[in-house]
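Being a predicted model, the structure only gives us computed values, none of them experimental. Because only heavy atoms are used, hydrogens play no part in the values below, and waters and symmetry mates are left out as well, while side chains stay in.
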Amino acid sequence: VVLADVMEQIQEEGDKYRSFLNGEGEKNTVWRHGAPPMYDAVNKLFEQGRTREWPKGSLEEIVQKAVKSWEMEVSHKIRVQDLKSINPEKFKLIVNGREGLSAEEVLRLGTYNALLKSSLPEQFKYYKAEEESFESSHEAFRSAFPRGFAWEVISVHSGPPLISYKFRHWGYFEGPFRGHAPTGELVELYGMGILKVDESLKAEDVEIYYDPAELLGVLVKGPPISEDHNNGEISASAHHSCPFSN
């Protein structure tokens, strides 16, 4: 009941699946692109492809909205003081057991760079997060997934304050990615999350565990796009060695 009451208080400040997008509480928010983002396309993809439809007010629905809300905020707001879904003084994002990143670091790096940072040897790094900016990383994945990259909770194993859950991320590889032609196929990845929250459901620690090869392995499978200088047409080679395909 307490969780439902908390969500009810912030319900009108977002869309159906995220809080803190609009409303009186956002009138002084500084948005990365000058205005709140629109989620119509990815919400449609989510509704068409989700494997679960959680009852309103259920723990699963609350966790799903909480995670979508903090991800929206760190992707589209640029000031720590505008982040209402997290406790900025305590917040840490921990991916696959690596050292935690603060709210300031996540705002600077972007979620894709934070999630795809790797300790693999250089020759096996197709995506080098340390060489990417916030803007370049988001542009790369917006290009690859023009309909968006949807996310859902598929199970919750413990309630607050330490929430453990399993998630699914998916999208259709319908646009070019770093010189690779799209294949049109469904890209799916699964993972586990541990979310530590305070009494207001503000995130303090976010731990995420998943296999990045489930994402990158498909994106670099598309044949390389090359410029045919003889006729000016874009052509795709059918042969490519992928470090993630083994």
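- The pair Glu47-Lys44 does not count as a salt bridge, with every side-chain nitrogen at least 4.0 angstrom from each carboxylate oxygen.
- Here the side chains of Asn113 and Tyr127 are in contact, with some heavy-atom distance below 4.5 Å.
- Residues Pro37 and Trp31 approach most closely at CD-CZ3, 3.6 Å, considering heavy atoms.
- Contact annotation: the side chain of Glu207 never approaches that of Lys196 to less than 4.5 Å [non-hydrogen atoms, C-beta and beyond].
- Ser143 contributes no side-chain N or O that, together with a main-chain N or O of Gly175, makes up a donor-acceptor pair within less than 3.5 Å.
- Aromatic rings of Phe141 and Phe177 (six-membered ring for Trp) have centroids within the 6.0 Å cut-off, being under it.
- Here the side chain of Lys16 pairs no donor or acceptor atom with the backbone of Asn43 at under 3.5 angstrom.
- Put simply, the side chain of Asn96 never gets that close to the backbone of Asp211: no donor and acceptor are under 3.5 Å apart.
- No donor-acceptor pair closer than 3.5 Å links the side chain of Arg178 to the backbone N or O of Val220.
- A distance-only check finds no donor-acceptor pair linking the side chain of Glu174 to the backbone of Pro146 [under 3.5 Å].
- No donor-acceptor pair closer than 3.5 Å links the side chain of Glu60 to the backbone N or O of Val153.
- A donor and an acceptor atom, one from each side chain of Ser58 and Glu61, are nowhere located under 3.5 Å apart.
- In this structure, His169 and Phe167 have perpendicular ring planes: the angle between them is above 60°, well past the 30° mark.
- Using a distance-only test at 3.5 Å, with no hydrogens or angles considered, no donor-acceptor pair links the side chain of Ser137 to the main chain of Glu132.
- Of the possible donor and acceptor atoms, none in the side chain of Lys77 sits under 3.5 Å from a partner among the backbone N and O of Lys84.
- Residues Glu99 and Lys117 are not paired through a salt bridge, judged by the lack of any N-O separation under 4.0 Å between the basic side chain and the carboxylate.
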